[in-house]
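For reference, the structure is listed below as structure tokens.
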Number of protein chains: 2
Amino acid sequence: MNNSQFYKGSLSLIILKLLEENKRMYGYEITQRVKDQTNGELTINEGALYPALHKLEADGLLTASIEQAGNRPRKYYALTEKGQHETANKLAELTDFVKHMQLLLNPKLSLG
Amino acid sequence: MNNSQFYKGSLSLIILKLLEENKRMYGYEITQRVKDQTNGELTINEGALYPALHKLEADGLLTASIEQAGNRPRKYYALTEKGQHETANKLAELTDFVKHMQLLLNPKLSLG
DNA sequence: TTTTGATGCATCAATTATTGAGGCATATAT
DNA sequence: ATATATGCCTCAATAATTGATGCATCAAAA
């Protein structure tokens, strides 16, 4: 994803959030969207993406349906209701994370 | 650290940054400082902390010196010069992470 | 006075996500 | 013909963390 450690644990939220905005997407499309929306700075690893998608599906947060595009199969994913709730939860967790990091890294601000 | 995934990978920056501000701290002191500065919301796990401290020391980012407090030993850690550079690097990485997450999670803002 | 809670260090097996590599196939452009 | 883009996937190895456990000192409460 990046050589930085901070992205670890964030892939599932990225997937969930993109699906919240786009209704249905397939894996390769997700990789391109991430690259586009970060000006090419963030590239998600397919070796991480596909297992993550499979886990989200197994956990009941996504549903999958295969369609043919010409002769090539595409596996479209969509959020379930449970997935929508989890998206909100993870977004709140990210907000808390950022808040806590600010408290720890900018102690002067937390005292003002 | 928290039941959220987002803290994974952030422990070393927390340690480095606290040491940048406090010159020298010992492990238990770090756990208390984190708890205090996050209003008790973030508790760092000792099973993660001590291995992390040992790794930072092994990587040459910290030096350690044991002192006696009464009859109890304390292992004080301090930043090396290499550690100072790494602190700045990791801080920049966190900034980039937040920037990229904003680009991905708030696409409307990135278009405005 | 003994027991609890705080202080202070540490290790260890198990879990988990990710990396980096590789594999397979179709379509398009050179 | 050949490279590049599209599109899915698996797998061994790496790495950080969890949660449990262990040991010891010290102060305060019961």
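- In this structure, A:Asn71 places its CG atom 13 Å from P of C:dA25, rounding to the nearest Å.
- In this structure, NZ of B:Lys8 is placed 14 Å from P of C:dT15, rounded to the nearest angstrom.
- Atom CD1 in B:Ile44 sits roughly 15 Å away from atom P in D:dA16 (whole-Å rounding).
- Nearest to the side-chain atoms of B:Lys55 among the listed nucleotides D:dA16, D:dG7, D:dT6 stands D:dA16.
- Put simply, B:His54 has no side-chain N or O that comes within less than 4.0 Å of OP1 or OP2 on C:dC9.
- In this structure, A:Tyr50 does not reach the D:dC9 phosphate: none of its side-chain N or O atoms is under 4.0 Å from OP1 or OP2.
- Between C:dG8 and B:Tyr26, a contact under 4.0 Å exists linking OP1 or OP2 to a side-chain N or O.
- Among the protein residues, B:Glu46 comes within range of the nucleic acid bases, having at least one heavy atom under 4.0 Å from a base atom.
- With DNA chain D read from its 5' end, the first of the two nearest nucleotides for B:Tyr7 and A:Leu53 is the one closest to A:Leu53.
- Residue contacts for A:Gly27: at a heavy-atom cut-off of 4.0 Å it reaches the sugar-phosphate backbone alone, with no base atom in range.
- When side chains are defined from C-beta on, B:Leu19 does not count as touching B:Tyr76, because their heavy atoms never get closer than 4.5 Å.
- Salt-bridge check for A:Glu29 with A:Arg33: passed, with a basic side-chain N closer than 4.0 Å to an acidic carboxylate O.
- Atom C1' of nucleotide C:dT18 and atom CZ of B:Phe6 are separated by 15 Å, given to the nearest angstrom.
- Between A:Gln5 atom CD and D:dA15 atom P there is a gap of 10 Å when expressed in whole angstrom units.
- Where B:Pro73 and A:Ser12 each meet DNA chain C at their nearest nucleotide, the meeting point lying more 5' is that of B:Pro73.
- Counting to the nearest Å, the P atom of D:dT25 and the CD atom of B:Gln68 are 11 Å from each other.
- Rounded to whole Å, the distance from CG on A:Leu49 to C1' on C:dA17 is 13 Å.
- For B:Lys75 and C:dA10, the shortest distance from a side-chain N or O to OP1 or OP2 is below 4.0 Å.
- Side-chain contact between A:Leu18 and A:Val34 is present, with at least one heavy-atom pair separated by less than 4.5 Å.
- Salt-bridge check for B:Lys99 with A:Glu41: passed, with a basic side-chain N closer than 4.0 Å to an acidic carboxylate O.
- Within 4.0 Å (heavy atoms only), B:Asn45 reaches at least one base atom of the nucleic acid.
- Listed here is the closest heavy atom pair of A:Leu56 and A:Ser12: CD2-CB, 4.1 Å.
- If you take CG of A:Leu56 and P of C:dA17, they are 10 Å apart, rounded to a whole angstrom.
- Using a 4.0 Å heavy-atom cutoff across all strands shown, B:Arg72 reaches at least one base atom of the nucleic acid.
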